[in-house]
Protein chains: 2
Amino acid sequence: MKILIIEDDLSFQEILRRTLEQERYIVEVAPDYRTGLFKLSDYTYDCILLDINLPDGNGLNLLRELKEMKKTGSLIIISARDSIEDKVEGLDLGADDYLAKPFHLAELLSRIKSVMRRNNHGGEQYVSYGNVKVNPHTFDIWVGDTKQELSRKEFDLLLYFIQRPNRLVSKSMLAEAIWGDHFDDVDNYDFIYAQIKNLRKRLTAWNASIEIASVYGMGYKLIEN
Amino acid sequence: MKILIIEDDLSFQEILRRTLEQERYIVEVAPDYRTGLFKLSDYTYDCILLDINLPDGNGLNLLRELKEMKKTGSLIIISARDSIEDKVEGLDLGADDYLAKPFHLAELLSRIKSVMRRNNHGGEQYVSYGNVKVNPHTFDIWVGDTKQELSRKEFDLLLYFIQRPNRLVSKSMLAEAIWGDHFDDVDNYDFIYAQIKNLRKRLTAWNASIEIASVYGMGYKLIEN
DNA sequence: TGAATGGTATGAAGATTCTCATTATCGAAG
DNA sequence: CTTCGATAATGAGAATCTTCATACCATTCA
């Protein structure tokens, strides 16, 4: 589940990010209107948290643009002022929910869940890139029309990449996200090399249209070929 | 790290509990003065979150009793009213910090960390029961005077038990805490049986004074023998 | 262009973890 | 006290994951 936070108060943004990441969401952040729009033109997020008060424009405009772009995904408005007009206008423009600051983080989490549940009406949740399609919950993997299997670590790895297609992924990111606390700062990444090797072997064996490219000195990137 | 929450507002208590558990603390809760005192007489917690306004007495009294009991561990006062008197009195009575509602959860987390850091001045952090002593951070294990080693899962298992000595631990608790999401609701617990077996073999080989007892139909319990 | 350096890849060995089939144990019911 | 169904324990084997030694490749600098 990918969530985009558009919020200019950086410390609050940080709190949101950490909370959501603890809940295992994949989080991206944008500090302003422009960055938010840029990110949205590139990717589709499962949920967007949009602050109304942005330094470079009113968030409601962004909402209008999104509507034009016919982007799917849920959107929750966050607003410092608890104004009825904003709320009504926001919901009219297609927002799924409205939350006035300050709010409890637990409140936000439950809103996110309910909004996403509502929008999927219990449907399938797949993440895909190229001809590879992955269900984070059922662990199903489809390559073209054939179903495939992976071991746990290989699956985690593939999911992590496929949720960030075409992005640079460092080894320390992988270590922290997939191996956890004890591996987030080690002196060698042999265990990653080993799993990357295995996953690559699978992808080519499956004739997947995607591959894990190395970026020398930086990490890896999932690309379409 | 074990934390005790003494708080009568149950929904708020729940929010705290969930947040702290996400941060990997071991959390216990008490809804009132009496229960809190009872729990404190049994165990020593690394940190206590104490609400001042309790249905059956003022939390400051509990603080006085704790002082008499010479309990170690950090204590953070939580108060609905941001009253200077409470704050001063609480800190005088040995509380380590004071937090007025409402507060951001991230704020609480950072206070907890700083308070605990301050109180241990970077010292060793061991959890022990019987002649077994475990360091959750360095993964050191001491049985009497000899240092021992365990595999990762075995260590996690031992730590989980030793943090809850003499308490009933169900298999689903273990599955969720040690194996995570994917194993929290499965139809067989063979993987737990296997690890329990290995851990038991180690404990007896080490002449540990503790053992994992089975509780038929319920789970396990770490006892001293 | 050609070392030299450090990052990355690989197969195989080793360790750990899980699964399976089987056996043992418990507690309730007769 | 015995039997029976359910729960738990066990050893062995399979699958998975990590480590190791070695080979390969990209970049830099002479």
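Residue numbering restarts at 1 for every chain, and letters A, B, ... go by the order of the sequence lines. Scope of the values below: all heavy atoms of this structure, side chains included, with no hydrogens, waters or symmetry mates. Please read these numbers as outputs of a predicted model, since none were measured by experiment.
With hydrogens and angles ignored, a donor-acceptor pair closer than 3.5 Å exists between the side chain of A:Tyr216 and the base of C:dG6.
Listed pair A:Tyr220 / C:dG7 fails the phosphate criterion, with no side-chain N or O lying under 4.0 Å from OP1 or OP2. Taking only side-chain nitrogens and oxygens, B:Ser151 comes nearer than 4.0 Å to OP1 or OP2 of C:dT17. The side chain of A:Ser214 places an N or O atom within less than 4.0 Å of a non-bridging phosphate oxygen (OP1 or OP2) of C:dA9. Between B:Trp179 and C:dT17 there is no side-chain N or O to OP1 or OP2 distance below 4.0 Å. A close approach under 4.0 Å does occur between a side-chain nitrogen or oxygen of B:Arg200 and OP1 or OP2 of D:dA9.
If B:Asn188 and A:Lys171 are placed on DNA chain C by their nearest nucleotide, the residue sitting closer to the 5' end is A:Lys171.
When rounded to the nearest whole Å, the span between CG of B:Asp190 and C1' of D:dG11 equals 13 Å. The interatomic distance linking A:Asp187 (CG) with C:dG7 (C1') rounds to 14 Å, in whole Å. The distance between atom CE of A:Met218 and atom C1' of C:dG6, rounded to the nearest whole Å, is 13 Å. Summarising the geometry, the separation between CD1 on A:Ile192 and C1' on C:dA9 is reported as 14 Å, rounded to the nearest angstrom. Going from atom CG of A:Asp156 over to atom P of D:dT16 covers 13 Å, rounded to whole Å. For the pair B:Tyr189 OH and D:dT7 C1', the interatomic distance rounds to 13 Å; values are reported in whole Å. Rounded to an integer number of Å, the gap from NZ of A:Lys201 to P of C:dT8 is 20 Å. Atom CZ of B:Arg152 is separated from atom P of D:dT19 by 12 Å (rounded to the nearest Å).
Out of D:dG11, C:dC20, D:dC17, the shortest distance to the side chain of B:Lys197 is found at D:dG11. For B:Ala194, taking side-chain heavy atoms from C-beta onward, the closest of the listed nucleotides D:dC20, D:dG5, C:dC18 is C:dC18. Here the side chain of A:Phe191 is nearest to one of C:dA9, D:dC17, D:dT18, namely D:dT18. With C:dA9, C:dT17, D:dT18 as the choices, the nucleotide that has an atom nearest any side-chain atom of B:Lys153 turns out to be C:dT17. Taking the side chain of A:Tyr193 as heavy atoms from C-beta on, and the options D:dT7, C:dA9, C:dT19, the nearest nucleotide is C:dA9.
In this structure, B:Arg164 fails the cation-pi test against B:Phe161, since its NZ or CZ atom is not both closer than 6.0 Å to the six-membered ring centre and inside 45 degrees of the ring normal.
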Does B:Leu49 form a side chain to side chain contact (heavy atoms under 4.5 Å, CB included) with B:Leu20? I'd like the steps, not just the answer. CA-CA 11 Å; B:Leu49 303 183; B:Leu20 294 172; 3.8 Å; yes
Dump the intermediate steps for side chain to side chain contact (heavy atoms under 4.5 Å, CB included) on B:Ile196 and B:Leu199, then the final yes or no. CA-CA 5 Å; B:Ile196 289 277; B:Leu199 181 53; 5.8 Å; no
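Crowding of B:Arg167 atom CZ: a count of heavy atoms from other residues, nucleotides or ligands under 6.0 Å exceeding 12.
Closest approach of A:Ile223 to A:Tyr129, counting heavy atoms only: C-CE2, 3.9 Å.
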